[in-house]
Amino acid sequence: DHPDIAFWLAAGDLPTDNLPGDWWIFFDKGRDLFASRVVLPAVGNHDTPTEHSQADCSTFLTYFDLPSSASRDGVYRIDHGPATVLTLNSEVLSEFEAGGDQYLWAEDQLTQLAAETRWVFAQWHVPPYNVGDRFDILDQYSARETTELFDGTVDWVFTGHEHLYQRMLPLRHDAQLATSGDYGAAADQGVGYIVLPTAGIEPRFGVRTPDSPAAYLRNLVAYPHIDPQAAEADSEVGFVVVTLTGDTIALQTVCMGVGEQPLPPYVCDGVSYIK
């Protein structure tokens with residue numbers, strides 16, 4: 001329904017645990033889209049031979065003709081018009097630490113932006129900021145160090161993994177709210193972080209509880225609304241559309257209900273601003 005898109009991002013977990021049959025389903029269901037539009041995929045924990053972190057993404061690279069980098073398989077850069085997209089591989093989170101290979105790669109790429117680049121995006125699988133309750137909070141901390149490079153340069157970061165759509169408030173590095181409360185590249189503005197809605201498998205609803213050591217994450221979420229004492233939040237299948245028009249960016253999140261109660265696509269969240 002969006003024939004004008006230039007490309008689309010898939011932030012990991014395309015099959016289940018690298019199963020050949022699930023890869024077949026992925027490409028079969030997406031055949032019309034894949035025939036006409038470029039997909040930029042990131043490696044997720046289910047795109048490799050084991051459910052847990054696994055550096056072997058050889059099957060993934062068989063299916064996708066991706067640019068190579070000196071950093072690691074599944075790490076690459078795309079420049080398209082005024083936009084640059086950096087894709088990292090969170091299957092090796094140790095490389096996100098300051099001085100790690102992917103940290104240094106991202107740092108190098110951000111110093112080599114083209115003169116015409118107006119918008120910078122990044123994607124990988126494991127979120128650095130995530131209020132969902134499914135995964136070890138330490139994974140978030142491991143994914144955060146690289147984000148210190150993003151303040152004032154990267155506009156939006158897209159991740160997956162949690163199956164709970166989340167749009168964070170404008171953040172500076174290490175979960176600090178931007179003082180202006182606005183998204184943007186100025187010193188008082190913040191980067192946008194999105195945990196993408198699941199595109200197929202059922203969404204999850206659980207969030208960190210108010211008595212959790214990570215309860216501070218509840219105060220970082222712009223969407224969905226989380227009731228003060230609730231242990232769950234609204235969540236649906238969906239996708240995000242990003243539109244760039246000169247100095248203006250608009251993000252619209254399209255929700256489609258859940259498996260037993262599908263809904264016609266509707267815009268459930270969105271934000272736009274002039275950079």
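This is a predicted model, so every value here is computed, not measured.
In Q112, the CD atom is crowded: over 12 heavy atoms of neighbouring residues, nucleotides or ligands sit closer than 6.0 Å. Other residues, nucleotides and ligands place more than 12 heavy atoms under 6.0 Å from the CG atom of L138. Within 6.0 Å of atom CG in L263, more than 12 heavy atoms from other residues, nucleotides or ligands are found, so the atom counts as buried in its surroundings. Around atom CD of Q54, more than 12 heavy atoms belonging to other residues, nucleotides or ligands sit under 6.0 Å away. Enclosure of atom CG in D234 is not indicated, since only 12 or fewer non-hydrogen atoms of other residues, nucleotides or ligands lie within 6.0 angstrom. For D65, the CG atom counts as loosely surrounded, since its 6.0 Å shell holds 12 or fewer non-hydrogen atoms of other residues, nucleotides or ligands.
The backbone N or O of D174 lies less than 3.5 Å from no partner atom in the side chain of R144, so there is not a single donor-acceptor pair. With hydrogens and angles disregarded, no donor-acceptor distance shorter than 3.5 Å links the side chain of N45 to the backbone of E91. Side chain of R134 to backbone of H161: a donor-acceptor contact under 3.5 angstrom is found. The closest donor-acceptor contact from the side chain of Q102 to the backbone of N89 lies under 3.5 Å. Here the side chain of T48 pairs no donor or acceptor atom with the backbone of D56 at under 3.5 angstrom. Remark: side-chain polar atoms of Q166 are paired, donor with acceptor, to backbone N or O of L164 under 3.5 angstrom. The backbone N or O of G132 lies less than 3.5 Å from a partner atom in the side chain of R208, making a donor-acceptor pair. Looking at R77, its side chain never comes within 3.5 Å of a backbone N or O of T84 through a donor-acceptor pair. For the pair K275 (side chain) and R118 (backbone), a donor-acceptor distance under 3.5 Å is present. The main-chain N or O of N130 is found under 3.5 Å from a side-chain atom of Q140 such that the two form a donor-acceptor pair.
Looking only at side-chain heavy atoms (C-beta outward), I194 and L251 come within less than 4.5 Å of each other. Using a 4.5 Å heavy-atom cutoff, the side chains of E202 and T198 are not in contact. Inter-residue side-chain proximity for L14 and P41 is flagged as met; some heavy-atom pair is nearer than 4.5 Å. Within the 4.5 Å cutoff, no side-chain heavy atoms of I25 are placed close to those of P15. D227 is listed as a side-chain neighbour of H225, based on a closest heavy-atom distance under 4.5 Å. For the pair Y103/E97, no side-chain contact is recorded, criterion being any heavy-atom separation below 4.5 Å from C-beta on. The shortest side-chain heavy-atom distance between P127 and Y193 does not fall under the 4.5 Å cut-off.
The two atoms that bring V195 and G160 nearest to each other are CG1-O, 3.5 Å, heavy atoms only. The minimum heavy-atom distance linking A178 with G190 is given by the pair CB-N, 3.5 Å. Minimum interatomic distance between Y129 and A175 (heavy atoms only, all atoms of both residues): CE2-N, 3.2 Å. Across C57 and D73, no two heavy atoms sit closer than the pair SG-CB, 3.6 Å. The two residues A230 and P210 have their closest heavy-atom pair at O-CD, 4.3 Å. The minimum heavy-atom distance between H163 and S235, with the atom names listed, is O-OG, 3.4 Å.
For the atom pair T147 OG1 and L149 CG, the distance stands at 8.0 Å (nearest 0.5 Å). Here OG1 of T209 is found 8.0 Å from CG of D133. Values are rounded to the nearest 0.5 Å. The CG atom of D47 lies 11.0 Å from the CG atom of L19; values are rounded to the nearest 0.5 Å. To the nearest 0.5 Å, the span separating CE on M168 from CG on L217 amounts to 6.5 Å. Annotation: the span from I249 atom CD1 to L244 atom CG amounts to 5.0 Å, rounded to 0.5 Å. The distance from atom CG of D79 to atom CD of E116, rounded to the nearest 0.5 Å, is 7.5 Å.
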Exercise. Check the pair W105, R72 against side chain to side chain contact (heavy atoms under 4.5 Å, CB included), reporting the backbone distance first and the verdict last.
Key: CA-CA 9 Å; W105 180 85; R72 171 169 291 281; over 6 Å; no
Quiz item: Between R218 and V207, does a side chain to side chain contact (heavy atoms under 4.5 Å, CB included) hold up when you go through it step by step?
Solution: CA-CA 8 Å; R218 297 167 67 98; V207 296; 3.7 Å; yes
Practice problem: Given side chain to side chain contact (heavy atoms under 4.5 Å, CB included), test V240 with Y165 step by step and report yes or no. | Solution: CA-CA 10 Å; V240 179; Y165 168 64; 4.3 Å; yes
Practice problem: Take I226 and V131, measure what side chain to side chain contact (heavy atoms under 4.5 Å, CB included) needs, and give me the verdict at the end. | Solution: CA-CA 10 Å; I226 302 175; V131 76; 4.1 Å; yes
Quiz prompt | T253 vs Y223, side chain to side chain donor-acceptor pair (under 3.5 Å): CA-CA, chis, key distance, verdict | solution = CA-CA 10 Å; T253 300; Y223 185 96; over 6 Å; no
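Under a hydrophobic clustering in which Ile, Leu, Val, Met, Phe, Trp and Tyr are joined whenever their side-chain heavy atoms come within less than 4.5 Å, directly or via other members, L40 and V43 fall into the same cluster. Side-chain heavy atoms closer than 4.5 Å link hydrophobic residues (I, L, V, M, F, W, Y) into clusters, and following such links, even through other members, never connects F158 to L171. By the rule that hydrophobic residues join a cluster once side-chain heavy atoms approach within less than 4.5 Å of another member, V154 and L113 end up as members of one cluster. Note on Y273 and V191: separate hydrophobic clusters, where clusters join Ile, Leu, Val, Met, Phe, Trp and Tyr whose side-chain heavy atoms are under 4.5 Å apart, directly or indirectly. F150 is connected to L177 through a chain of hydrophobic side-chain contacts under 4.5 Å among Ile, Leu, Val, Met, Phe, Trp and Tyr, so both are in one cluster.
Centroid-to-centroid, the aromatic rings of Y63 and F27 come within less than 6.0 Å. W8 has its ring centre no less than 6.0 Å from the ring centre of F239.
Screening W119, F121, Y183 for a ring-ring contact (aromatic ring centres under 6.0 Å, His included) involving W156 leaves a single residue, Y183. Among T16, D22, D17, the one residue that satisfies the side-chain hydrogen bond (donor to acceptor under 3.5 Å, both in side chains) test with H46 is D17.
Residues W23 and N18 have side chains that bring a donor and an acceptor to within less than 3.5 angstrom of each other. A side-chain N or O of E236 and one of Y266 form a donor-acceptor pair less than 3.5 Å apart.
Salt bridge D269/R167: present, at least one basic N to carboxylate O contact under 4.0 Å.
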